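Worksheet: the structure to be examined is printed underneath.
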Amino acid sequence: MRAPWNGAARVLDGKATAAALKAELKERVAALRERGVTPGLGTVLVGEDPGSVKYVAGKHADCAEVGILSIREDLPATATQTEVEAAVDRLNADDACTGYIVQLPLPAGVDTNAILERVDPDKDADGLHPTNLGRLVLRASGPIDSPLPCTPRGCIELMERHGIDLAGRNVCVVGRGVTVGRSIGLLLGRKDVNATVDICHTGTTDLAEHVRRADVVISAAGSPGIIAPEMVAPGAVVLDVGVSRVVDPATGKGRIAGDVADGVDEVASWLSPNPGGVGPMTRALLLANVVEAAERSR
Ligand SMILES: Nc1nc2c(c(=O)[nH]1)N[C@@H](CN(C=O)c1ccc(C(=O)N[C@@H](CCC(=O)O)C(=O)O)cc1)CN2
């Protein structure tokens with residue numbers, strides 16, 4: 001069951017969609033501030049990984065745009081487990097911080113799961129705390145009064161705001177990372193979305209066969225070019241979430257590469273650009289988590 005298709009894919013414009021969502025959130029923040037509630041987003045950034053530094057900077061730029069306070073905990077790459085835990089404890093205790101994220105990936109040697117579980121679930125702006133993910137496991141329908149994983153929610157919001165109905169659709173997710181692949185099925189399988197989800201990963205024997213069956217492909221593998229045109233069913237919707245840093249042989253310079261290979265735009269009915277697709281939605285839905293938590297608290 002696919003939308004009528006006549007060649008070139010339409011663009012799932014994440015920049016414009018995120019801008020519209022941020023404009024809505026700016027009004028909601030102003031209303032909160034009028035009632036004496038000032039949302040504050042904290043970030044824990046460990047090390048100087050260029051992508052992480054850029055993403056955290058973007059998150060704080062977004063906060064300034066909508067009126068959310070920024071609180072930063074920046075630690076050196078040499079930070080010990082104890083030092084990272086102490087940063088988490090400071091944000092847990094800081095009343096000005098109404099929600100925060102620990103920027104991933106953390107350096108090797110830091111126990112990521114222990115850090116994520118140390119976050120106060122009521123301040124979990126990423127929606128990745130086991131308590132909040134567990135609430136999604138328990139509830140397949142009805143209102144959700146806890147934060148949702150930003151990128152999965154951003155993928156769904158991006159498609160729905162472009163008029164794509166996911167009910168009854170076969171969705172193939174590529175990648176099993178904590179920020180997308182391991183949690184997106186909890187949202188897609190909810191009764192208010194009603195998609196059927198196939199999670200593929202490095203252990204999948206015939207990835208092309210899984211992708212070819214899908215009406216919607218969401219690739220968050222972090223594997224440049226893993227989604228080739230011949231794998232995609234004509235008229236399918238494709239979201240390119242993967243971000244890999246590669247060195248361009250022609251220039252010797254580093255650049256971001258997505259999971260979707262050239263040519264998929266000639267097969268798909270919709271395609272999210274990368275950059276300019278799911279990334280800005282991830283940031284916008286992070287802000288939504290912070291605002292919604294503040295609205296629940298008032
Ligand atoms: N704690 C978390 N860490 C990470 C997450 C997450 O959801 N929570 N997701 C990814 C990276 N990510 C969020 O931090 C992220 C990826 C991309 C973008 C983005 O805005 N991309 C822009 C381009 C940015 C640029 O290169 O200038 C785009 O696609 O247009 C934001 C956030 C891993 N870590």
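Only heavy atoms go into these numbers, but all of them, side chains included; no hydrogens, no water, no symmetry mates. Order of listing sets the numbers, starting from 1, for every ligand and every atom in it. It should be emphasised that the depicted structure is a prediction, and the values quoted were computed from it without experimental measurement.
Note on ligand 1: V243 sits outside its first shell, no heavy atom being nearer than 4.0 Å. At least one heavy atom of P280 sits closer than 4.0 Å to an atom of ligand 1. Contact analysis puts K59 in contact with ligand 1, with a non-hydrogen atom separation below 4.0 angstrom.
Under a hydrophobic-cluster definition in which Ile, Leu, Val, Met, Phe, Trp and Tyr are linked whenever side-chain heavy atoms come within less than 4.5 Å, directly or via other members, V278 and V216 are assigned to the same cluster. When the side chains of ILVMFWY residues are joined at heavy-atom separations under 4.5 Å, either directly or via intervening members, L287 and V37 end up in a single hydrophobic cluster.
Proximity of T179 to ligand 1, defined as any heavy-atom pair under 4.0 Å, is confined to the side chain (atoms from C-beta onward). Contact annotation: for V102 versus ligand 1, heavy atoms closer than 4.0 Å belong to the backbone alone.
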**OP:** Check the pair R139, D145 against salt bridge (Lys or Arg N to Asp or Glu O under 4.0 Å), reporting the backbone distance first and the verdict last.
**Re:** CA-CA 11 Å; R139 298 174 189 151; D145 57 1; 3.2 Å; yes
Original post:
Do D120 and Y100 pass the side-chain hydrogen bond (donor to acceptor under 3.5 Å, both in side chains) test, and can you show the C-alpha distance, the side-chain angles, and the key distance before you say yes or no?
Top reply: CA-CA 9 Å; D120 177 347; Y100 70 96; over 6 Å; no
**OP:** Start with the C-alpha gap between T98 and S297, add the side-chain angles, then the distance that decides, and say whether side-chain contact (heavy atoms from CB on, under 4.5 Å) holds.
**Re:** CA-CA 10 Å; T98 61; S297 71; over 6 Å; no
**OP:** Report the C-alpha distance between I101 and Y55 in whole Å, list the side-chain angles of each, state the deciding distance to 0.1 Å, and finish with yes or no for side-chain contact (heavy atoms from CB on, under 4.5 Å).
**Re:** CA-CA 12 Å; I101 63 106; Y55 298 149; over 6 Å; no
**OP:** Determine, stepwise, if the pair V193 / L187 fulfils side-chain contact (heavy atoms from CB on, under 4.5 Å).
**Re:** CA-CA 7 Å; V193 181; L187 290 183; 5.7 Å; no
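Taking every heavy atom of P275 and a limit of under 4.0 angstrom, the matching atoms of ligand 1 come to 23 (C), 28 (C), 29 (O), 30 (O). The ligand atoms of ligand 1 that sit less than 4.0 angstrom from a heavy atom of G276 are 28 (C), 29 (O), 30 (O).
Between D122 and R296, none of the side-chain N atoms (NZ, or NE/NH1/NH2) sits under 4.0 Å from a carboxylate O, so this pair counts as no salt bridge.
Considering backbone and side-chain N/O atoms, D126 comes within less than 3.5 Å of an N/O atom of ligand 1. Close N/O approach between Q103 and ligand 1 is found [any backbone or side-chain N/O within under 3.5 Å].
The protein heavy atom nearest to atom 12 (N) of ligand 1 is Y55 CD1, 3.8 Å. Looking at atom 21 (N) of ligand 1, its nearest protein heavy atom turns out to be G279 CA, 3.8 Å. Among protein heavy atoms, the minimum distance from atom 33 (C) of ligand 1 is reached at L104 O, 3.7 Å. With hydrogens left out, the protein atom closest to atom 20 (O) of ligand 1 is R283 NH1, 3.1 Å, a heavy atom. The protein atom (non-hydrogen) at minimum distance from atom 26 (O) of ligand 1 is K54 CD, 3.2 Å.
Atom NZ of K15 sits in a sparse spot, with 12 or fewer heavy atoms from other residues, nucleotides or ligands closer than 6.0 Å.
Under the ring-ring contact (aromatic ring centres under 6.0 Å, His included) criterion, the residue pairs touching residues 125-176 are H162-W270, with sequence neighbours excluded.
At a distance under 4.0 Å, a protein heavy atom can be found next to atom 16 (C) of ligand 1.
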